[in-house]
Number of protein chains: 2
Amino acid sequence: MSNSKLYKGSLSTIILKLLAENNKMYGYEMTQRVKELTQGELTITEGALYPALHKLEADGFLEVEMQKVDNRLRKYYKLTQAGTQERVNRIEELERFIETIQGIVNPKPSLG
Amino acid sequence: MSNSKLYKGSLSTIILKLLAENNKMYGYEMTQRVKELTQGELTITEGALYPALHKLEADGFLEVEMQKVDNRLRKYYKLTQAGTQERVNRIEELERFIETIQGIVNPKPSLG
DNA sequence: CAAATATACCTAATTTTCTTATGCATAAAA
DNA sequence: TTTTATGCATAAGAAAATTAGGTATATTTG
């Protein structure tokens, strides 16, 4: 039941935000963290996550570091300097969107 | 400058919300209303709007009424009964998304 | 009066960003 | 031993935008 719809365009912002708070994370870890943070409301699918990570890396916002744990390979991502700046922009944009859409969904009556 | 990004998936919710408050509206009017409501922050492009209106109509959520004003044709849309219900669902979904994403962007520290 | 802007609709090509469905591999649990 | 969990990946397809046109009338501006 439930499971909030992921509005297209918000995923990479979520990734940048997670990495800003955790220094380095690997893909699978992100899917689990989002489940925790949202009490299961939001599920990041791997089909969406991995291509998004690759794109952020190609754009120079993330850098990669491989690590073997329990004989399984993990691909750790962390923010580059450009990624740190991009995160600020994206969060700002997301917050502006939320304010903006609340101006439509919960319009304040004009004064006067 | 500015102009908030429209997260993909939110447009039809905006349309349903506008029609719930204005009984009937035509496309061009919606683009202007959104500009007003958001102080120019959000611009609904016609390339996005018209296909979205057609889809909502095809899905049975909107009905159409033509009207000629000043020798120009207007296509007024209004909610059907199904559309009125759909509006409730979509607004709910959007608000759940906003709460959910704020749980990620502004996570509350766990108690204890 | 001519040109630009505003009003009003539309669509087609392309791009972005998902979902769904796979595939591979190792480890732990049932 | 089969399922679930961990961990990566991609490919086909769908959804929903952007961008860039097109048509037509009315109004404003230089």
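Worth knowing before you read on, the calculation uses all heavy atoms, side chains too, and leaves out hydrogens, waters and symmetry mates. Letters go in sequence order (proteins before strands), and every chain restarts at 1.
Rounded to whole Å, the distance from CZ on B/R74 to P on C/dC9 is 8 Å. Atom P of nucleotide C/dA29 and atom CG of A/D70 are separated by 11 Å, given to the nearest angstrom. B/E57 has its CD atom 14 Å from the C1' atom of C/dC9, to the nearest Å. Following rounding to the nearest Å, B/M25 (CE) and C/dT7 (P) show an atom-to-atom distance of 14 Å.
Nearest approach of B/L16 to B/G83, heavy atoms of both residues: CD2-O, 4.3 Å. Of all heavy-atom pairs spanning A/Y77 and A/L19, the tightest one is O-CD2, 3.2 Å.
Dashed line: the shortest gap from a side-chain N or O of B/H54 to OP1 or OP2 of C/dT11 is under 4.0 Å.
Considering only residues two or more places apart in sequence or on other chains, B/K55 meets the side-chain hydrogen bond (donor to acceptor under 3.5 Å, both in side chains) condition with B/D59. Qualifying side-chain contact (heavy atoms from CB on, under 4.5 Å) partners for B/E99, counting only residues two or more places apart in sequence or in other chains: none. Scored by the side-chain hydrogen bond (donor to acceptor under 3.5 Å, both in side chains) test, A/T100 finds no partners at all (sequence neighbours excluded).
For the pair A/Y77 and A/R72, nearest-nucleotide mapping onto DNA chain D gives the more 5' position to A/R72.
Applying side-chain hydrogen bond (donor to acceptor under 3.5 Å, both in side chains) to A/N89 and the options A/Q85, A/R87, A/E93 leaves one that passes, A/Q85.
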Report, one pair per line, the protein and nucleotides 16-19 of chain C atoms (nitrogen or oxygen only) whose separation is under 3.5 Å.
from   : atom 1 : to    : atom 2 : distance (Å)
C/dT16 : O2     : B/K8  : NZ     : 3.0
C/dC18 : OP1    : A/G9  : N      : 3.0
C/dC18 : OP1    : A/L11 : N      : 3.4
C/dT19 : OP2    : A/T45 : OG1    : 2.9

Decide side-chain contact (heavy atoms from CB on, under 4.5 Å) for A/I101 and B/I14; before the verdict, give the C-alpha distance in whole Å, the side-chain angles of both, and the deciding distance to 0.1 Å.
CA-CA 8 Å; A/I101 205 151; B/I14 293 173; 4.1 Å; yes
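Applying the ring pair (Phe, Tyr, Trp, His ring centres under 6.0 Å) test to pairs two or more places apart or on separate chains, none has a residue in residues 45-69 of chain A.
Between chain A and DNA chain D, the heavy-atom contact criterion of under 4.0 Å yields a 5' to 3' nucleotide range of D/dA5 to D/dA15.
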